[in-house]
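To start, the structure itself, in structure tokens.
Since this is a predicted model, take the numbers as computed values, not measurements.
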Amino acid sequence: MSGLGELDRPGTPGSSGAGDARSQEWLAGEGTETGAGAGAGADPGTGAGAGRKVSARRGAADPVKALMHRHRELCERAVDPLEIAAGLEAHGVTDRTAARFRHRDVFSLAEEMYARVPRDAEPVPKPVAAGQRAEGGAWAVLALLPGTLCAATVVGLRLTEGRPRLAVAAAGALAVAIGLRAALGRGPLHAPSHHTPGATRAWTCWLLAYALLGDGLLSAGLEGGPDGPWPLATAPVLALALACAPAAWCAHLFAVRARRRLTASRGLEEFAASAKPLLLGAFALFLCSLGALLALCAALLDESADYPGAVALGALLLLARLLIARGFTHAPAVVLGVAAAAEATALAAVFAGRLPGCSFLAIPVDTVVGAWGPGAVPTLVCGAAALSLLIHATRTLTRASAHALPTGPP
């Protein structure tokens, strides 16, 4: 399904010659034979013309064959009718459109298209969906790696001072980044056919850095500082790193259940209605897990848990990764970029307000912090961003095309 973006939208070709040579042979095979028979004993030019007319009439009388011609690559590559149904939906074919092809829904249309595709004698091995790669258990173990490395880094920071502490912080940040990359390299949060944009990685790093350093720097800036090192919010960051495991497990649960519903559904609207509670349930389960981890980390480290800001950031990152893993990379990149820019603007406004005649720039941030504390800035920013991605996810991740089987390597 990785090449769906290269296919045309469904529709009846304008003529029987609207494809390449291979497509012509597949589409017009029987019509060509009829044309050859019609031209036997007659003028060669007349026979060829009759063959083209018969082929055109056959294509017009068989709309499903014309649709198969338009989506020839999809039909040949599909390993089951569900993959064809998901591909058709991705190109705008709905149950109402399927009625024009004399079928009650897209699934019925896909079944006929799959049955009519000529195939080799040897069956193509069926790939395994991203959410169904739990048998080996490797991804489940890798999901624990970021939290383990982050915990070791926090312990190292508590036991060191001065320059050794800076070295531990730098080495720990690098180790956690490598562990996170390994955790996302396999399993239900892995995007086998789509690369995460570099900007998305940059925005994610900024949001995590703000969760660690931002509130302390914002408070110090409003008080006229910073005059030295400001406190780090290690508890929320540690909880977010540990939450990589429940995030992967919740994503796996959603993928497996959605695939089962897709198999049992007989219409696109029916599947969307049944998939939406699955998505919201997996999302709520992750938030509960993150809340428990926040309470545990705050108790162990004797720090403030900052529940609203950390939960909002965790929700934002989970939704962004779910969308990226299914190939929807544009919306996460935009939303994460806007959130990072908003937090950077809040910090910049505080320090720009110290310039002569620019004190008004810090008034909005000062008002928000004075009313609800420094944690209100990431809470409002990440909360609004997560809400927008949740609305987008309920519209995209509940479509059949979002659960097509990947053909790339695990």
Indicate yes or no: at least one non-hydrogen side-chain atom of [X] is less than 4.5 angstrom from one of [Y].
X	Y	value
Val168	Leu159	no
Leu208	Val237	no
Leu290	Pro246	no
Leu347	Tyr210	yes
Leu319	His392	no
Arg326	Arg399	no
Pro378	Leu313	no
Leu213	Leu232	yes

Kindly compute the distance separating [atom1] ([X]) from [atom2] ([Y]), expressed to the nearest 0.5 Å.
X	Y	atom1	atom2	answer
Leu238	Leu300	CG	CG	8.5 Å
Leu397	Leu278	CG	CG	11.5 Å
Leu389	Leu336	CG	CG	6.5 Å
Ile178	Leu145	CD1	CG	9.5 Å
Thr234	Leu301	OG1	CG	4.5 Å
Leu294	Asp306	CG	CG	8.0 Å

Do the two ring centres, one from Trp139 and one from His190, sit under 6.0 Å apart?
no
Work out which heavy atom in [X] is nearest to a heavy atom in [Y]; give both atom names and the distance.
X	Y	result
Gly314	Phe286	O-CE2, 3.5 Å
Thr160	Gly156	OG1-O, 2.8 Å
Leu144	Ala245	CD2-CB, 3.6 Å
Ala143	Cys244	O-CB, 3.7 Å
Leu318	Ala247	CD1-CB, 3.8 Å
Thr398	Ala275	CG2-C, 3.9 Å

Are the side chain of [X] and the backbone N or O of [Y] linked by a donor-acceptor pair below 3.5 Å?
X	Y	value
Glu343	Leu207	no
Arg321	Leu189	yes
Ser388	Ala385	yes

Quick one: list whatever passes side chain to side chain contact (heavy atoms under 4.5 Å, CB included) with Leu280, sequence neighbours left out.
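Listed in chain order: Lys276, Leu390, Thr394.
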For Arg395, does the CZ atom have more than 12 heavy-atom neighbours from other residues, nucleotides or ligands under 6.0 Å away?
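Counting neighbours around CZ of Arg395, 12 or fewer heavy atoms of other residues, nucleotides or ligands fall under 6.0 Å, so no.
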